[in-house]
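Here the structure is laid out as structure tokens; the discussion comes afterwards.
Every number for a ligand or one of its atoms is a count from 1 in the order of the listing. Count residues from 1 along the sequence.
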Amino acid sequence: MKTVLITGATGDVGTHLSRELAGKYKLRLSDRRPLKAPKGQAFMKADISKMSDALRITKGVDAVVHLGGYSVEGPWDAILKANIIGCYNVFEAARRNGVKRILFPTSNHATGFYRRDHTIDHRVYPRPDSRYGVSKVFGEALGSLYADKYGMEVFNMRIGNVNEKPIDKRRLALLFTPRDMAQLVQIGIEHPGIKFEIVYGVSGNRRSWYDNSNATRLGYRPQDDSEVFAAEVLAREKPGGDPIAEAHQGGAFCVAEDIPNPAAPPRRKTKKKK
Ligand code: 15L
């Protein structure tokens with residue numbers, strides 16, 4: 001059984017993925033935050049912005065699913081540390097430890113400035129919608145370098161929105177259910193002869209703005225389609241909204257300087273002065 005490292009394992013996507021892949025691989029979970037690993041899985045606490053930690057967690061694994069990082073638009077210093085330095089450390093540590101296969105969950109925000117009335121495939125020029133999106137393009141470029149120069153096998157998934165149900169109109173195009181994600185990740189781990197691939201991490205959504213034929217070519221057959229939720233989602237949708245956000249695939253990321261960070265520690269309540 002292959003040993004697979006999942007970085008950023010305490011996050012929402014990491015939690016779904018480790019649950020879906022349990023029993024299929026020997027899972028090594030890692031994160032800055034503590035985690036009580038389920039039976040049969042190992043946990044290693046690590047801060048990937050430190051090379052020594054990145055080297056420690058990538059030792060002896062067959063593949064890395066590098067989910068760790070800052071997952072939304074936010075301050076540059078946080079993105080620099082987690083998504084530029086951290087990402088570099090994981091690729092470089094994997095190379096030094098002889099790990100060939102890396103799955104890089106990039107994001108729909110690497111191409112978020114394409115318009116919603118545009119269908120894009122895996123060959124389009126990136127059009128990031130945020131500093132976060134730029135950091136994902138950096139990861140894709142780094143993967144390309146490590147594939148060409150060092151012969152690593154790099155599988156980039158431009159992830160939409162991982163959830164059981166779409167939460168709004170934009171996510172009707174982007175829904176990526178946990179079971180479809182598990183299928184695509186398994187293709188990324190198992191498919192022979194991967195050199196450098198880009199696929200879209202979305203379910204088989206009728207309202208998708210992606211031509212995901214590269215994923216289909218590699219065997220991806222999504223089981224879910226957000227369309228079953230379309231009526232209820234559209235009924236909830238409020239009219240209006242920012243016209244730039246509404247016109248582009250990246251939505252609010254195209255206009256906001258900060259998106260609430262799902263991984264942020266809960267804010268401490270401060271006592272009101274009387
Ligand atoms: C992402 O890349 C984020 O990591 C995730 O938190 C969502 O915001 C998602 O994109 C999205 O666009 O819905």
Side-chain angles (χ1 to χ4, degrees), residues 6-17 31-33 48 65-76 78-84 86-87 90 103-116 118 120 126-140 143 156-178 180-181 184-185 198-203 205 207-210 212 224 226 229-230 233 236-237 241-242 244-265:
I6 301 178
T7 66
T10 69
D12 198 37
V13 177
T15 306
H16 282 303
L17 189 62
D31 208 302
R32 277 192 318 165
R33 293 175 295 183
I48 53 156
V65 185
H66 176 41
L67 291 173
Y70 200 88
S71 67
V72 283
E73 179 60 326
W76 175 243
I79 288 171
L80 174 67
K81 197 169 164 203
N83 295 11
I84 307 287
C87 183
V90 169
L103 281 68
F104 179 58
T106 165
S107 168
N108 69 89
H109 298 289
T111 49
F113 254 116
Y114 281 96
R115 295 183 64 88
R116 293 188 190 185
H118 221 101
I120 60 172
R127 291 183 75 176
D129 56 24
S130 48
R131 291 177 287 274
Y132 166 70
V134 169
S135 74
K136 290 299 183 180
V137 177
F138 169 82
E140 293 179 8
N156 299 279
M157 296 167 289
R158 288 188 180 148
I159 301 230
N161 188 258
V162 178
N163 229 320
E164 297 286 358
K165 286 175 165 200
I167 52 176
D168 58 17
K169 189 174 80 189
R170 192 174 77 86
R171 270 60 171 239
L172 286 171
L174 293 175
L175 179 71
F176 193 26
T177 60
D180 283 343
M181 172 172 65
L184 193 60
V185 166
I198 294 179
V199 296
Y200 288 93
V202 288
S203 288
N205 307 320
R207 292 171 194 249
S208 173
W209 40 63
Y210 302 123
N212 210 7
D224 297 308
S226 65
F229 303 105
V233 167
R236 273 200 317 259
E237 200 77 8
D242 184 288
I244 294 178
E246 287 301 309
H248 294 93
Q249 299 179 2
F253 283 64
C254 295
V255 290
E257 294 301 329
D258 251 309
I259 300 277
N261 181 2

Assess Gly112 for proximity to ligand 1: is some non-hydrogen atom of it under 4.0 Å away? no
Please indicate whether Ile167 has more than 12 foreign heavy atoms, meaning atoms of other residues, nucleotides or ligands, lying under 6.0 Å from its CD1. yes
Would you indicate whether Arg116, at its atom CZ, is surrounded by more than 12 heavy atoms from other residues, nucleotides or ligands within a distance under 6.0 Å? yes
Which residue and atom name correspond to the protein heavy atom nearest [atom], and how close is it?
{"atom": "atom 7 (C) of ligand 1", "result": "Asn161 ND2, 3.7 Å"}
{"atom": "atom 11 (C) of ligand 1", "result": "Arg170 NH2, 3.2 Å"}
{"atom": "atom 9 (C) of ligand 1", "result": "Gly160 O, 3.5 Å"}

Can a donor-acceptor pair be found between the side chains of Ser203 and Asp180 at a distance below 3.5 Å?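 Side chains of Ser203 and Asp180: pair found under 3.5 Å.
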What part of Lys136, side chain from CB on, backbone N/CA/C/O, both or neither, has a heavy atom under 4.0 Å from ligand 1? neither
Asn108 contact mode with ligand 1 (heavy-atom cut-off under 4.0 Å):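 The answer is the side chain.
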Checking heavy-atom distances from atom 4 (O) of ligand 1 to each of Ser71, Gly69, Gly11, the winner is Ser71
In terms of ring plane angle, is the pair Phe253 and Tyr132 parallel, tilted or perpendicular, where the classes change at 30° and 60°? tilted
Say you draw a straight line from CH2 of Trp76 to CD1 of Ile84; how long is it, rounded to the nearest 0.5 Å? 4.5 Å
For [X], the ligand 1 atoms whose distance to one of its heavy atoms is below 4.0 Å:
{"X": "Phe253", "value": "8 (O)"}
{"X": "Ser107", "value": "1 (C), 2 (O)"}
{"X": "His109", "value": "1 (C), 2 (O), 9 (C), 10 (O), 11 (C), 12 (O)"}

Does any N or O in the side chain of Arg236 come within less than 3.5 Å of the main-chain N or O of Asp168, such that one atom is a donor and the other an acceptor? no
Stepwise salt bridge (charged side-chain N to carboxylate O under 4.0 Å, His left out) check, Arg170 with Glu246: CA-CA 8 Å; Arg170 192 174 77 86; Glu246 287 301 309; over 6 Å; no
